[in-house]
Every structure is written in C-alpha cells, then in structure tokens.
Protein chains: 2
Amino acid sequence: MFLGIDWGGTYIKIGTVGKRGKCLSKRVFSSQHLKEKEVFIKKIKELIISFKLKRIKAIGIGAPGIINTDKGFIYYLPNISGWENYPLKRVLEKKLGLPVFIDNDANVFARAESCFGAAKDAKRAVFLTLGTGLGGALIIDGKIFRGRTSAAELGHFPISLKGKKCSCGGKGCIETFVGNKYIINRYKQLKKENVSVEAEEIFKKALAGDKVALLVWKEFSYALGMFLSGMINVFNPELIVFGGGVSGAFRIFKPLVQEVIRHQAMWPQAKNVKLVRSRLKNAGIIGAALLAQDNFLH
Amino acid sequence: MFLGIDWGGTYIKIGTVGKRGKCLSKRVFSSQHLKEKEVFIKKIKELIISFKLKRIKAIGIGAPGIINTDKGFIYYLPNISGWENYPLKRVLEKKLGLPVFIDNDANVFARAESCFGAAKDAKRAVFLTLGTGLGGALIIDGKIFRGRTSAAELGHFPISLKGKKCSCGGKGCIETFVGNKYIINRYKQLKKENVSVEAEEIFKKALAGDKVALLVWKEFSYALGMFLSGMINVFNPELIVFGGGVSGAFRIFKPLVQEVIRHQAMWPQAKNVKLVRSRLKNAGIIGAALLAQDNFLH
C-alpha cells in the first residue's frame, strides 16, 4: 500500500491508495498551521504512524512549488516562505525510515489523470490546475515531461509585456490573469465594492446573469484562450485537462476559451484538441501515491 | 548522396551533401519567380537532373510553412499563397521517381545544428530562425519534437493580449515583435522617415551608436526575452540556438535578451541555459539532406 500527500496552499490531504488507484482512506487538514518546516514534518510523522506504518511501502508528496524530483529537493514554494533549497526527501526518509518521493503538485495531478482519469492513453496533453496560482504539467510521448531541474511551469509564461508583478518575480505571467485572487480582485474592482467574495460565488453570479461576473469570466477566458492557443501552436496536444478549484467554473469558461482558440490558434494544430475537466475526486492523493508506487517498483 | 532543398521566402538553395554533413555543391535561386506550384516543380525537376540523378538516393525539403511531415503534406505556407493542402511529397515522387521527404524549415535547421552544429548532444534545446517570420523548433530527449499534425510554431505564441495582427491569423504573436518587417517598420516609425532600410543596416547603425536603432533592438530584445523566459520556465532547455538573417545582430541583442531573462525567468530553470548562434553556413541544405538520409536509411 502507498501513501499520497496532496500538499496544497489551503489544505493538506493525506490518503492511502490501493492497487487500482482507489483512495482507501483520507484525512484533511488546514495548511495554515503547518507552514513551518518543523511543524509540518512532525505532523506528517504523527499521521503516518496513525496510518499503520507497517503496511505502507513508500510515500509520495505533491508539493506546491519548484521541485527537483530526481533529488527530492525543494527549490522554493512561491506561496510558503522558509522552504528554500530544502532536501525534504532526505529529511523525511531519515525521520520515517521509509522511501519518500516528491514532485510538483501539477505533475502529480497529471500522473493521476493520465493513469485513471481524463487523460488515459493520451500521447500529448496539457494539464492546468486552476487555483491560488496556475499549476501546469505536460505529457509528451505518454510520459510526464521533465527538465533537468524543474519544468512545465505553465503559469509563468508571460502573455503581456506590460503586465502585473507575479509571485514568481516576473511580470505579465498568465497566472496574473487567471489565478484565484486576480479573479476576485478584478470583480471587486469592477463592482467598486470591497466585499469578501470567492471565485465560486462569481461563478454562481455569472450563471444567474450578473453582468459584472460575466465580464470577469470573459476576461479570464480571453487570457486563458490566448495562452492556450500558444500552447496548441507549439505542442499540438490532443487534450487540455482542467483541474483545481477554479475549474468549477468550467461550464462558463469552456465555450468562451474555445471561441478564442478558434480565432487565435493555427488550425492544423487546433482542429482536434479537446478541452476536458479532470475526472478524479482525489487526483492529488492518488497521483502522489502513484509517484511513490512507480518509483518504488522501478 | 542526398540532395537538400532549403526553400525560403527569398531564396531557394539546393545542394548535395556527403556523409559527414558537408555541403558538396550548391545552387541558389530567387524564390520570386517560383511561387507557383507548376513552375516550382518544373524547376526542381530540371535542377535535380542537372545534379546527376543517378547518384542521388533521396531528396529532402525544408519548406517555409505548416507541414505534415509523416504524410509529406503542406497545410499552408503563411507567406506564399496557392499551396494550401498540397501533397508535395506524392507529386514530386511521381515526377522524379525518387523518395522525397518534407519538413518545416526550422525543424530542418534544428536537425542540422543538432547533428553537426551548435547543439550537438543537446537533450533539450530551443531553435529560433529569425527572418521574415520567426520559425521555431524544439529538441526534446535529443529528438525533434513533433505533434500529430504540425508543432513547435514558436513564432505564433502570443505575448500580448492587445497585439498586432499576425500572418497566422491570430494577434500579438511574438513574430509580430521580432520579424524582419516589424523591426524595419518600427525603425521607420521612430525615425519618422519613409526610407528603404534593411535589418542589417539597423544593426550597423546600432553598433555605430544611433539611438533610434539601439531603441529598436532594445524593444526587440525585451519582447524576445519575455517570450524566451516563458520557454525556459516551461522547457528548461540547455541551449537556445539563433539562426536566420536577423541573427546577424546577435552581438547586439544577446546581452539585452539575457538581462530580460535574468529578471523574468525562474532561476532553477534559467541558471544554466546558454544562448548561442548557429554554426553551420548551409544549415538549411544540410538539414534537408539529413532529413532525406535519416528517413531513407531507417
């Protein structure tokens, strides 16, 4: 049995996964109090013991940042400070006496969806996790694409030369147009109100016909459609898979994004591409456990 | 012996290439009078006969457009009309009685530079041909990256949401910032003169200290650096190889582009990337002949 940890900016989800990619048991915690390294590691250790350590062969972690997967090394986490250049794999293996494997959260999501979800048998696919940030992964020749250090940071492709400052240190990245907080800020700005609102509410308001909410999703879709047209021209993917909290608004933005692609992308590459939502409920846990399983067995 | 045809917007270059990638003989023609299909094919046939057909085993062509390499099929050529959906491989093989292989000109360039030039042994490399348009190719896992139809149309990645109309039908593509005619137009616009000028002259003027010419290359480098930062974040290439006429200004734009990358790209991906000029004088002919050779032998 393998244990998967889906380490997100808001929640940390931990679960055991059986042979056919079924999540067998699951626990969810707020990430809020687990930002510090020592506290995080202590909590993980407690949890793993509670999951009956003996039956677990290896642990996989999908982490929200720039990871060197070969070395199990964190370069940095854009939204959590204090983890710069941290050898998490080595530290956890020492504490737990179990093999630990770490990858970027979007790669882990892509692994799960490729094995058991929306992208089964896809040769070339683009994966986007729409949430606080914009995570990305690529499947090329049926495998997760990797660089020598890190790669597939799709959220940090600039699509504007005069854009806003991004969490990565650059500016104009696609993330600054489609990340959760940018959607919310844009809505507040257009409404000229400083109310507390969530992306999900802006989605519901748009469905109910609220013009400002609709405009926010139109702008979101235009930016996303332009970016994806570039990805289509360069990658010729069969499939673009949308996951993450903001993909709850898929029904609203899919036709708008498709319309932008129809005008912007080159037809030989665009003609057969499909836009789909992720299929798995616990893709983060399942993908992390698969990461552990694949690395443990091979 | 294999024959390579480098089919560009300005010139058509034809040459024979020996085993070690040396161009043995070469002929160059203006493309101007060879835009029509019938004229083009007749001329190719004449030339091939003059090259002593018996010694030639196969012909390779690098074509300036969107090509389906598996089928030897032209979807379209952005700068030459009349070639839409044309089965060039089938037509030429019938006329010549020789195997013919066709690929996009930037892929052919990448093939030559990977085998004998600047990108020997590179696992992941980005290739740009800077000329009338911006051609692109990718080496992934040491091989030319291909989609199911066409791919690696790097020139048609949008980097502006409010950009100019592009030859591909989209807008804001990186090609509209760095293509030859855009550089020239920008120079004329800034000089407020309607004089005839070539990109090479703008390069020489910049070297001589002309402020307007320098500004043109700064703007060019900013756009190119932003785009390449996106490519670095996504691909983590070891190498970015610049070819094509406009790469004559490499000395001016390299340090400027590097400076943009230093600010914009994520450091784990950017720290080891090298920007280099192409090394081969006849990369187009050599790569086309290699295309023929590789496909003929395997």
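Side-chain atoms are counted along with the backbone in the values below, which use heavy atoms only and exclude waters and symmetry mates. So that the names make sense, note that chain A is the first sequence line, chain B the second, and so on, each numbered from 1.
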Student: Select, from Cys173(A), Ala223(A), Pro237(A), Ser150(A), the one with the greatest count of heavy-atom pairs under 4.5 Å involving chain B.
Tutor: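 That would be Ser150(A).
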Student: Which answer fits Phe227(A), side chain, backbone, both or neither, if we ask what part of it has an atom under 4.5 Å from a heavy atom of chain B?
Tutor: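 For Phe227(A), heavy atoms of backbone and side chain both lie under 4.5 Å from chain B.
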Student: Working to the nearest 0.5 Å, report the span between CE of Met266(A) and OH of Tyr76(B).
Tutor: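 Separation between the atoms: 3.5 Å.
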Student: Chain B heavy atoms under 4.5 Å from Asn272(A): which part of the residue, side chain, backbone, both or neither?
Tutor: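 Contact with chain B involves the side chain of Asn272(A) alone.
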Student: Does atom NZ (Lys188(B)) have a neighbourhood of more than 12 heavy atoms from anything else shown, all under 6.0 Å?
Tutor: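 For Lys188(B), atom NZ is crowded (more than 12 foreign heavy atoms under 6.0 Å).
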Student: Is Lys123(B) in contact with chain A via its backbone, its side chain, both, or neither, using a 4.5 Å heavy-atom distance?
Tutor: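 The answer is neither part of Lys123(B).
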Student: For Ile174(B), is it the side chain, the backbone, both, or neither that has a heavy atom closer than 4.5 Å to a heavy atom of chain A?
Tutor: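 No part of it gets close to chain A.
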Student: Checking heavy atoms, do the side chain of His156(A), its backbone, both or neither come under 4.5 Å from chain B?
Tutor: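 Both parts, backbone and side chain.
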Student: Is Asn236(B) reaching over with its side chain to a backbone N or O of Arg148(A), donor-acceptor style, under 3.5 angstrom?
Tutor: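 Yes.
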Student: Counting only heavy atoms not in Asn85(B), do more than 12 fall under 6.0 Å of its CG?
Tutor: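 Correct, the count exceeds 12.
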Student: Sort Lys162(A) into side chain, backbone, both or neither according to what part of it lies under 4.5 angstrom from a heavy atom of chain B.
Tutor: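 Contact with chain B is absent: no heavy atom of Lys162(A) under 4.5 Å.
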Student: Do you know which of Glu153(A), Arg146(A), Glu238(A) has the most heavy-atom pairs with chain B at a distance under 4.5 angstrom?
Tutor: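 Answer, by heavy-atom pair count under 4.5 Å with chain B: Glu153(A).
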Student: Is it the backbone or the side chain of Lys165(A) that comes under 4.5 Å from a heavy atom of chain B, or both, or neither?
Tutor: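 When you check distances to chain B, no heavy atom of Lys165(A) falls under 4.5 Å.
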Student: Just wondering, more than 12 heavy atoms not from Lys271(B) lying within 6.0 Å of its NZ?
Tutor: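 More than 12 within 6.0 Å, yes.
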Student: Pick one of side chain, backbone, both or neither for Ile232(B), based on which atoms fall under 4.5 Å of a heavy atom in chain A.
Tutor: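 For Ile232(B), there is no contact with chain A at all, as no heavy atom is under 4.5 Å.
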Student: Mark yes or no for whether Tyr222(A), through its side chain, and Leu161(B), through its backbone, hold a donor-acceptor pair below 3.5 Å.
Tutor: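 Yes; at least one donor-acceptor contact below 3.5 Å.
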Student: Side chain, backbone, both or neither: which part of Leu154(A) has a non-hydrogen atom closer than 4.5 Å to chain B?
Tutor: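 Backbone plus side chain of Leu154(A), per the 4.5 Å heavy-atom cut-off to chain B.
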Student: I need the residue from Pro158(B), Ala151(B), Gly136(B) with the largest number of non-hydrogen atom pairs under 4.5 Å to chain A.
Tutor: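 Sorted descending by pairs with chain A, the first entry is Pro158(B).
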Student: Given heavy-atom pairs under 4.5 angstrom as the criterion, report whether the side chain, backbone, both or neither of Leu138(A) touches chain B.
Tutor: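 For Leu138(A), the contact with chain B is made by the side chain alone.
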Student: Would Ile140(B) and Ile140(A) count as a side chain to side chain contact (heavy atoms under 4.5 Å, CB included) if you check the C-alpha gap in whole Å, the side-chain angles of each, and the deciding distance to 0.1 Å?
Tutor: CA-CA 9 Å; Ile140(B) 294 182; Ile140(A) 293 181; 3.8 Å; yes
Student: Of all the heavy-atom pairs spanning Phe157(A) and Met231(B), show the shortest one and how long it is.
Tutor: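 Residues Phe157(A) and Met231(B), closest heavy atoms: CE1-N, 3.6 Å.
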Student: Checking the side chain of Thr149(A) only, and the main-chain atoms of Pro268(B) only, is there a donor and an acceptor separated by less than 3.5 Å?
Tutor: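 Yes; at least one donor-acceptor contact below 3.5 Å.
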Student: Take the angle between the ring planes of Phe145(B) and Phe235(A) and call it parallel below 30°, perpendicular above 60°, tilted in between.
Tutor: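 Ring orientation, 0 to 90° scale: perpendicular.
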Student: Got a sec: does the NZ of Lys37(B) have more than 12 other heavy atoms crowding it under 6.0 Å?
Tutor: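 Above 12, so yes.
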